[in-house]
Amino acid sequence: MSKKVRTAVFPVAGLGTRFLPATKAMPKEMLPVVDKPLIQYAVDEAREAGIEHFVFVTGRNKGVIEDHFDRQVELEITLHQRQKYDMLEMLSEGLPKPGQTSFTRQQEPLGLGHAVWCARDIVGNEPFALLLPDMLMRSKPGVLSQMMESYNERGGNVIAVEEVEPADVSSYGVVGRGEGPDKGFAISEMVEKPNTEQAPSNLIISGRYILQPEIFGLLSKQSKGAGGEIQITDAMVTLMNEQNFTGVKYKGHSFDCGSKVGFLTANVVFAMDREDIADDFKNELRAVSAELLDNFSIGD
């Protein structure tokens, strides 16, 4: 019987250079989609899937993430005095329970694989989930919850995947598809950022993983790969020789909020999902859309 996945790792040490100057002093993971920061969406997804321990791999100038998942006593007192009980409840719901969060530093920007390795002593000899906050998921149930179903049936390692245009595979880790349905199929191979001609499929790794602790030993010996960084995909390829990997083509949609277009699109879509603002937002879009389309063009 597979060990229960209780811990999730969140790599949040990146510099966010694609969003400068906004991220000069504020972590990119704290950029809001509507009114909630990206990292909160990832934590909420993990909590929905039954995660009990939240491990953040941070870097310099990331202290505000730790503050976000702590109580703000002065704010709570003010909201209570003003009888803003709905806001108090919202803030309380977003907080992990005492003792459920851990923070560790990645001192050098050596890649995702190195960031995961930095969490080794906190995770210990247990399976864990890995969530990349840049990838914002819109799905019900959450993507990690869908992956947990497959993990409980098959054990081993589980990776969330989605389809992209074949011409785009060179920007991602790509998997080969073996036997099984979308909710849990055997992964036959993995390649990091292949050429279109070399890609085993158009199924890309989507920033959600369930991994066994043996990955840490492999990462400790992993040489630098694509981009001069320690790649998690390279270590997973080695682990495939010893353990099974399952792919889950999840039901939902992802937004790459590491890019400006993906981030802006996510704000529009998630605003449309909100009953409290959707109607007003749609009206504003209708009011300006015709003028924007008529009068604006690239270079204006």
For the residue pair Phe54 and Phe69, is the inter-centroid distance of their aromatic rings smaller than 6.0 Å?
no

Mind checking whether Phe128 and Phe216 have ring centres under 6.0 Å apart?
yes

Distance-minimising heavy-atom pair for [X] and [Y]:
X	Y	value
Pro11	Leu131	CD-O, 3.2 Å
Asp273	Arg138	OD2-NE, 2.7 Å
Val169	Asn202	CG1-CA, 3.9 Å

Nearest 0.5 Å, what's the [atom1]-[atom2] distance between [X] and [Y]?
X	Y	atom1	atom2	value
Arg82	Ile77	CZ	CD1	12.5 Å
Thr23	Leu15	OG1	CG	8.5 Å
Met135	Glu45	CE	CD	11.0 Å
Ser206	Met147	OG	CE	9.0 Å
Glu108	Arg105	CD	CZ	13.5 Å
Met87	Leu79	CE	CG	7.0 Å

Could you go through the salt bridge (charged side-chain N to carboxylate O under 4.0 Å, His left out) check for Lys183 and Glu149 one step at a time?
CA-CA 8 Å; Lys183 66 178 182 179; Glu149 291 184 18; over 6 Å; no

Could you tell me how the ring of His80 sits relative to the ring of Tyr85: parallel (under 30°), tilted (30 to 60°) or perpendicular (over 60°)?
perpendicular

Evaluate the ring planes of Phe19 and Phe263, with Trp represented by its six-membered ring, and classify them as parallel (under 30°), tilted (30 to 60°) or perpendicular (over 60°).
perpendicular

What verdict does the salt bridge (charged side-chain N to carboxylate O under 4.0 Å, His left out) test give for Arg177 and Asp182, after you've listed the backbone C-alpha separation in whole Å, the side-chain angles of each residue and the deciding distance to 0.1 Å?
CA-CA 10 Å; Arg177 178 166 184 163; Asp182 285 351; 2.9 Å; yes

Start with the C-alpha distance between Phe56 and Glu66, add both sets of side-chain angles, then the distance that settles side-chain contact (heavy atoms from CB on, under 4.5 Å), and finish with yes or no.
CA-CA 9 Å; Phe56 301 86; Glu66 187 169 355; over 6 Å; no

Hydrophobic cluster identity match, [X] and [Y], side-chain contacts under 4.5 Å:
X	Y	value
Leu112	Phe245	yes
Ile204	Tyr250	no
Ile232	Phe10	no
Val12	Leu38	yes

Could you go step by step and tell me if Glu52 and Arg47 meet the salt bridge (charged side-chain N to carboxylate O under 4.0 Å, His left out) rule?
CA-CA 7 Å; Glu52 301 169 6; Arg47 185 189 290 111; over 6 Å; no

Side chains of [X] and [Y]: does their closest heavy-atom pair fall under 4.5 Å?
X	Y	answer
Leu264	Val268	no
Ile159	Met190	yes
Val191	Gln198	no
Ile122	Thr104	yes
Val123	Val9	yes
Gln146	Ser139	yes
Gln72	Asp67	no
Phe255	Val269	yes

More than 12 heavy atoms of other residues, nucleotides or ligands under 6.0 Å from [atom1] of [X]: is that the case?
X	atom1	value
Lys251	NZ	no
Arg120	CZ	yes
Lys24	NZ	no

Derivation and outcome, side-chain contact (heavy atoms from CB on, under 4.5 Å), residues Leu285 and Met272
CA-CA 11 Å; Leu285 287 179; Met272 294 290 194; 3.4 Å; yes

Start with the C-alpha distance between Gln243 and Asn157, add both sets of side-chain angles, then the distance that settles side-chain hydrogen bond (donor to acceptor under 3.5 Å, both in side chains), and finish with yes or no.
CA-CA 7 Å; Gln243 298 179 358; Asn157 305 270; 2.9 Å; yes

Is the charged tip of Lys249 near the ring of Phe185: under 6.0 Å from the six-membered ring centre and within 45° of its axis?
no

Please evaluate residues Leu130 and Val116 with respect to the criterion side-chain contact (heavy atoms from CB on, under 4.5 Å), reporting the C-alpha separation (whole Å), side-chain torsions for both, the decisive distance (0.1 Å), and the verdict.
CA-CA 8 Å; Leu130 172 63; Val116 173; 3.7 Å; yes

May I have the step-by-step check of side-chain hydrogen bond (donor to acceptor under 3.5 Å, both in side chains) for Glu162 and Ser254, ending in yes or no?
CA-CA 9 Å; Glu162 64 179 272; Ser254 70; 2.6 Å; yes

Assess the residue pair Glu189 and Val175 against the criterion (side-chain contact (heavy atoms from CB on, under 4.5 Å)); give the C-alpha distance rounded to whole Å, side-chain angles, the decisive distance to 0.1 Å, and a yes or no.
CA-CA 6 Å; Glu189 61 179 307; Val175 305; over 6 Å; no

Just do the side-chain hydrogen bond (donor to acceptor under 3.5 Å, both in side chains) check on His114 and Gln106 with the steps written out, would you?
CA-CA 8 Å; His114 181 260; Gln106 182 187 22; 3.0 Å; yes

For Lys4, is there an ion pair with Glu126 - N to carboxylate O distance below 4.0 angstrom?
no

Let's go through His53 and Ser102 carefully: what are the C-alpha distance in whole Å and the side-chain angles of both, what is the deciding distance for side-chain hydrogen bond (donor to acceptor under 3.5 Å, both in side chains) to 0.1 Å, and is it a yes or a no?
CA-CA 8 Å; His53 187 192; Ser102 297; 2.7 Å; yes

